[in-house]
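Not measured: the values here are computed from a predicted model.
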Amino acid sequence: MLSAQAVPVVRATLPAVGASLNTITERFYQRMFEERPELLRHLFNRANQANGAQREALAGSVAAFATLLVERPDERPDERSDAILSRIAHKHVSLGITADKYTLVGRHLLAAIAEVLGDAVTPQTAAAWDEVYWLMANSLIAMEARLYAQASVQDGDVWRQMEIAERHQESPDAVSLVLRRPDARPATAFQPATAFQPATAFRPGQYVSVRVELPDGGHQIRQYSLSTAPGHKTWRITVKREKSADGTAPDGEVSSWLHAHARPGRTLEVSLPAGDLVLPDADTPLLLASAGIGITPMLSMLDHLALAGSTSPVTVVHADRTPADHVHRDEQAELIDRLPKATLHLWYENNADQHPAPNVSPGRATLDNLTLPKDTTAYLCGPLPFMRAVRGDLLHKGLHPSAVHYEVFGPDLWLGK
């Protein structure tokens, strides 16, 4: 909890800090990369640094956490901020982040606050925001330690070699890669570092990180959802080639490399599974809503439900640009056919008439005509505008905000919103 002396200081300075957070985080990254340039080259997403998305996500998470602290300073922060911190902790584990990085980050973040706000940062102010940072950092460190322990790996020891067994062109801009362990053992679990460690299964909806070496010698990491259920002998990811919408930015570094070079027989560096977008243990009505490549975690969930013989009501919503862009379309339909209480609703912005069916609609997805049980648990994955629209529809239909879960590919610009 925030100390009694820090509460009024953080409350008083939060508006000024919040108003300058984007500038503060920009200066923070500049400082840190000046000292440790290898972090940008080998760990941080260079594209998200260039377009400012990572700065915005960091600013949002710090502001949201600080706001929670001053609203109820007597409560433990991790009791009220699991949705914020859990997503960050899972991402950090998929990158192999260790506790020592938090000292480096804290030093540069607090120095950036002092640089940007100048004389407004008194010793008392600096001490109060140091408290905020370390409450957040220690909560994340504890969460990440638990995740490493659950995976039976040493902190940061997340990378293993996986061999590409198959490659399939799913659409003009998407390929799926079937991954297997080089030792031919089933990939139902993560390959342990030693023969004495137990294997670590993934949960439907989780993702892995893939690390590749690019032509300039830099290593870049991206996350891809596992798109089949646990229990198969292999894993599968589906990679959409990221292209600049207007030609002003470079195409995706890792997705372009994988499209050009990922072939059967090649090995990839793959992390242990992570992610908190996972199915509930209880049998509850489900809504699985996706757009574009956001279909991938939903396929893992559907595959798992089909294998388990689930009889729970499942409403599946998917939106795409055209039927041709809809990856794993036939597989999605086949999985839904195996679930006795599942329904599929499709929206295509263009060329919907090329895939005529009663469940196909033209335009953007809407839940207006869907009836959902009040105890539905919803899972969303896709572009932020799509997820915001679907979430709004769900809240309007009476779902509690805690029943709506989501996954973001890239920095979470929804934190605190």
Side-chain angles (χ1 to χ4, degrees), residues 2 6 9-37 39-41 43-71 77 81 83-85 87-89 91-92 95 97 101-122 125-137 139-140 220-223 242 244-246 248-250 252 383-385 387-388 406 408-417:
L2 201 58
V9 178
V10 174
R11 182 178 288 117
T13 56
L14 183 56
V17 173
S20 301
L21 262 176
N22 281 326
T23 304
I24 290 168
T25 53
E26 180 178 11
R27 181 59 189 134
F28 153 71
Y29 282 116
Q30 290 172 348
R31 287 179 53 91
M32 187 169 66
F33 294 148
E34 286 169 2
E35 178 182 331
R36 299 283 300 277
L39 294 178
L40 178 59
R41 186 170 172 80
L43 178 61
F44 283 83
N45 184 318
R46 297 189 292 202
N48 290 332
Q49 288 297 321
N51 63 26
Q54 189 62 62
R55 296 194 297 273
E56 186 178 345
L58 175 60
S61 64
V62 171
F65 189 81
T67 300
L68 288 172
L69 288 178
V70 297
E71 284 177 349
S81 56
I84 298 173
L85 299 182
R87 196 166 293 110
I88 298 172
K91 180 65 71 67
H92 284 180
L95 296 169
I97 299 296
K101 296 293 192 300
Y102 285 93
T103 300
L104 174 72
V105 168
R107 176 160 53 83
H108 285 294
L109 183 58
L110 294 167
I113 291 174
E115 286 186 26
V116 172
L117 298 184
D119 293 341
V121 180
T122 65
T125 302
W129 280 94
D130 190 54
E131 253 190 74
V132 171
Y133 172 76
W134 279 108
L135 281 170
M136 184 173 181
S139 295
L140 286 169
Q220 286 289 283
I221 303 168
R222 300 294 185 270
Q223 287 73 42
E242 296 296 331
S244 172
D246 56 8
T248 60
L384 278 176
M387 292 196 293
R388 286 186 177 128
Y406 68 94
V408 175
F409 295 143
D412 189 348
L413 302 181
W414 209 350
L415 282 170
K417 297 181 180 179

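Partners of Gln220 by side-chain hydrogen bond (donor to acceptor under 3.5 Å, both in side chains), not counting sequence neighbours, listed by chain and number: Arg222.
Of all the heavy atoms in Ser61 and Leu58, the pair that sits closest is OG-O, 2.9 Å. Across all their heavy atoms, Ala6 and Glu131 have their closest contact at CB-OE2, 3.4 Å. Across all their heavy atoms, Asn22 and Ala59 have their closest contact at OD1-CB, 3.6 Å. Between Tyr102 and Leu140 the shortest heavy-atom distance is OH-CB, 3.4 Å. Scanning both residues, Leu104 and Arg36, for their nearest heavy atoms gives CD2-NH1, 3.8 Å. In this structure, Leu85 and Ser139 approach most closely via the heavy-atom pair CD1-CB, 3.6 Å.
Contact of the Leu39 side chain with the Lys101 side chain is registered, since non-hydrogen atoms from C-beta on lie closer than 4.5 Å. Inter-residue side-chain proximity for Val408 and Met387 is flagged as met; some heavy-atom pair is nearer than 4.5 Å. Val121 places none of its side-chain heavy atoms less than 4.5 Å from the side chain of Trp129.
Between the OH atom in Tyr133 and the CD1 atom in Ile113 there is a gap of 10.5 Å [rounded to 0.5 Å]. In this structure, CG in Leu43 is found 5.0 Å from CD1 in Ile221, a value given to the nearest 0.5 Å. The line from OG1 of Thr23 to CZ of Arg55 is 9.5 Å long, rounded to the nearest 0.5 Å. How far CD1 of Ile88 is from CZ of Phe65: 9.5 Å, rounded to the nearest 0.5 Å. One distance of note links CG of Leu14 with CG of Leu69; it measures 9.5 Å at 0.5 Å rounding. Summarising the geometry, atom CD belonging to Gln49 is positioned 10.0 Å from atom CD belonging to Gln30; distances are rounded to the nearest 0.5 Å.
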For this session: Run the numbers on Gln223 and Leu95 for side chain to side chain contact (heavy atoms under 4.5 Å, CB included), then give the verdict.
Result: CA-CA 9 Å; Gln223 287 73 42; Leu95 296 169; 3.6 Å; yes

For this session: Please test Arg27 against Ile24 for side chain to side chain contact (heavy atoms under 4.5 Å, CB included), starting from the C-alpha separation and ending with a verdict.
Result: CA-CA 5 Å; Arg27 181 59 189 134; Ile24 290 168; 5.9 Å; no

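Aromatic ring pairs are classed by plane angle as parallel below 30°, tilted from 30° to 60° and perpendicular above 60°; the pair Tyr29 and Phe44 is perpendicular.
With Ser20 contributing its side chain and Val17 its backbone, the two residues share no donor-acceptor pair below 3.5 Å.
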